[in-house]
Amino acid sequence: MKRKITEISVFEFFLCMFVILIHLLSEGVDGSMYVEGYPKWSVMSIIFYSVTRLTTFAVPAFIFTSALKMFYKYGERKFHYLRFLWDRFKKIYIPYLIAVTAYYIIFCFVMNFEEFTPFSFQKLIACIVTSDISAQFYFIVLIVQFYLLMPLWMLISKKKSFVFTSCIVFFAFAITIASRMWFPVLDGEKFGYAAQIFTMHKTFTSYLIFWILGMYVGLYYESFARLMDHSKPLIYAGWLLLAIAHCVLSYMKFGGLIHYTLEPFIVVFFCFFSMFGFYIYAKNLTFALESKGKGFLTSISRASYDIYLIHCLIITIMFRILYELEVMDVFARFAYNAVTTYTLSIVLCVLWATIYDNLRAMHNRNSAIRARKIARRKRYL
């Protein structure tokens, strides 16, 4: 029986925290309807933008870990496609539908945002289909595409050949780079919903290499773990060089100095080294906390999807509250928002996950007791 890869749960804890940080920093980078962001080329603008760039590997890493866990689990098992889709629908899409509906109702009736008023089921359906109601929801549209193509990934994974694997990885890398460089930008007026759905970051081809790598890592996890242990200096050195290049070149593009045509290559390789580097850190931390605080990190990881769904709502509400309290300093707004968002999203989602797990365990116990009672009655009949 395969061991439980707790280090991946700890790794996902950090990814979840990074996603929240990206959205907290957005007001300092791009501003909001309430305040302007920091002026370009100011020290704070460079800091906020650079930290954002350094943490944007979180979504590719979530794609990577999703495939890793999937193929670590299903690699040697019999795969039932319809059962798999139903399981994913319950765990991924139903919470997404609830979250989008909650966002829409609050934005319409509480926040009174013009683009969502008056209430309309047509607008709500459009929000569900396009996922544009909140910045983080594009991940759900993206991951569902990978789930729908699961028979293809299973078919590819069954071919045990180094040459075949190398070709698939190279092909996935080429498709990812090509998608990021030449993906068409559709005219919103001409193509309607299609222009909102078929964007680079909502199409699986732009993240294909991260899924394929996760797939093969899940199939050969122990070999991957040993390789990472032996490659620490190379990975950390590569991350440092790519992080500097990524931040400098991205900010020069943001500041209007360069076009930066090599961005897809730099971004993809930066994501590789960031994922592997933080995986090594998470693995070492997991073993260091074996008998101490690991449970706290894994409990947050179990609630990470709920945190992912809810945190932008808290941030958006806090933007309004801080504006009404006349807190206009960008850094002060960031600090207050960070404390509130991290605290509320973690506490509420971990509490809900704990209650749900307890209710589910109670239901399973009661079901088992009923099954034993029925079995005993049949024995005496």
Side-chain angles (χ1 to χ4, degrees), residues 16 19-37 59 89-144 186-199 201-202 303-328 330 333-334 336-349 351-353 356:
C16 189
V19 169
I20 295 176
L21 182 60
I22 290 168
H23 295 122
L24 287 169
L25 292 167
S26 64
E27 198 171 50
V29 175
D30 299 314
S32 67
M33 67 176 68
Y34 305 109
V35 296
E36 294 184 0
V59 169
F89 180 78
K90 289 189 296 182
K91 292 183 178 179
I92 301 297
Y93 211 73
I94 288 180
Y96 166 71
L97 295 176
I98 295 171
V100 172
T101 303
Y103 274 68
Y104 183 78
I105 290 172
I106 291 172
F107 288 171
C108 178
F109 295 109
V110 179
M111 308 291 286
N112 299 121
F113 290 152
E114 290 184 8
E115 61 267 40
F116 301 111
T117 55
F119 180 87
S120 162
F121 282 108
Q122 184 179 359
K123 289 181 182 178
L124 175 58
I125 292 171
C127 290
I128 292 171
V129 173
T130 64
S131 75
D132 281 347
I133 192 169
S134 189
Q136 82 281 23
F137 285 153
Y138 79 92
F139 174 79
I140 287 81
V141 173
L142 189 63
I143 200 67
V144 165
L186 301 179
D187 187 325
E189 293 185 5
K190 183 177 180 181
F191 292 97
Y193 288 160
Q196 295 173 278
I197 298 170
F198 296 105
T199 62
H201 292 299
K202 292 180 188 176
S304 61
Y305 184 56
D306 293 332
I307 294 173
Y308 187 90
L309 292 176
I310 198 177
H311 74 273
C312 276
L313 181 59
I314 299 173
I315 291 173
T316 304
I317 292 172
M318 281 298 296
F319 280 166
R320 169 72 69 83
I321 292 173
L322 291 171
Y323 175 77
E324 292 178 351
L325 293 174
E326 299 183 354
V327 179
M328 305 305 291
V330 175
R333 290 171 63 86
F334 165 76
Y336 288 131
N337 210 340
V339 172
T340 304
T341 302
Y342 277 117
T343 302
L344 283 181
S345 59
I346 290 173
V347 170
L348 292 176
C349 293
L351 182 61
W352 165 247
Y356 177 80

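All values below come from the heavy atoms of this structure, side chains included, with hydrogens, waters and symmetry mates left out.
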Any side-chain heavy-atom pair from Y342 and I307 closer than 4.5 angstrom?
no
Could you check if a side-chain atom of Y96 sits within less than 4.5 angstrom of a side-chain atom of S131, using non-hydrogen atoms only?
yes
Parallel under 30°, tilted from 30 to 60°, perpendicular over 60°: which one fits the rings of F113 and F107?
tilted
Could you check whether the rings of Y104 and F116 sit parallel, tilted or perpendicular, using 30° and 60° as the cut-offs?
perpendicular
If we ignore hydrogens and angles and just use 3.5 Å, is the side chain of [X] paired with the main-chain N or O of [Y] as donor and acceptor?
| X | Y | value |
| --- | --- | --- |
| Y308 | C16 | no |
| H23 | I20 | no |
| E27 | V35 | no |

Between the side chains of Q136 and S134, does any donor sit under 3.5 Å from an acceptor?
yes
Determine the minimum heavy-atom distance between [X] and [Y], stating which atoms define it.
| X | Y | result |
| --- | --- | --- |
| L313 | Y103 | N-OH, 3.0 Å |
| W352 | D306 | CD1-OD2, 3.5 Å |
| V141 | K202 | CG1-O, 4.0 Å |
| T117 | K123 | O-NZ, 2.9 Å |
| V330 | G28 | CG1-CA, 3.6 Å |

With a cut-off of 6.0 Å (strictly less than), are more than 12 heavy atoms of other residues, nucleotides or ligands near OH of Y356?
no
Flag if over 12 foreign heavy atoms under 6.0 Å of OH, Y323
no
How long is the straight-line distance from [atom2] of [Y] back to [atom1] of [X], given to the nearest 0.5 Å?
| X | Y | atom1 | atom2 | answer |
| --- | --- | --- | --- | --- |
| I346 | T341 | CD1 | OG1 | 10.0 Å |
| F319 | Y34 | CZ | OH | 9.0 Å |
| Y336 | L24 | OH | CG | 15.0 Å |
| I140 | I128 | CD1 | CD1 | 12.5 Å |
| Y305 | F139 | OH | CZ | 8.0 Å |
| N337 | T316 | CG | OG1 | 8.5 Å |

Kindly state whether the ring of F119 and the ring of F121 have centres lying under 6.0 angstrom apart.
yes
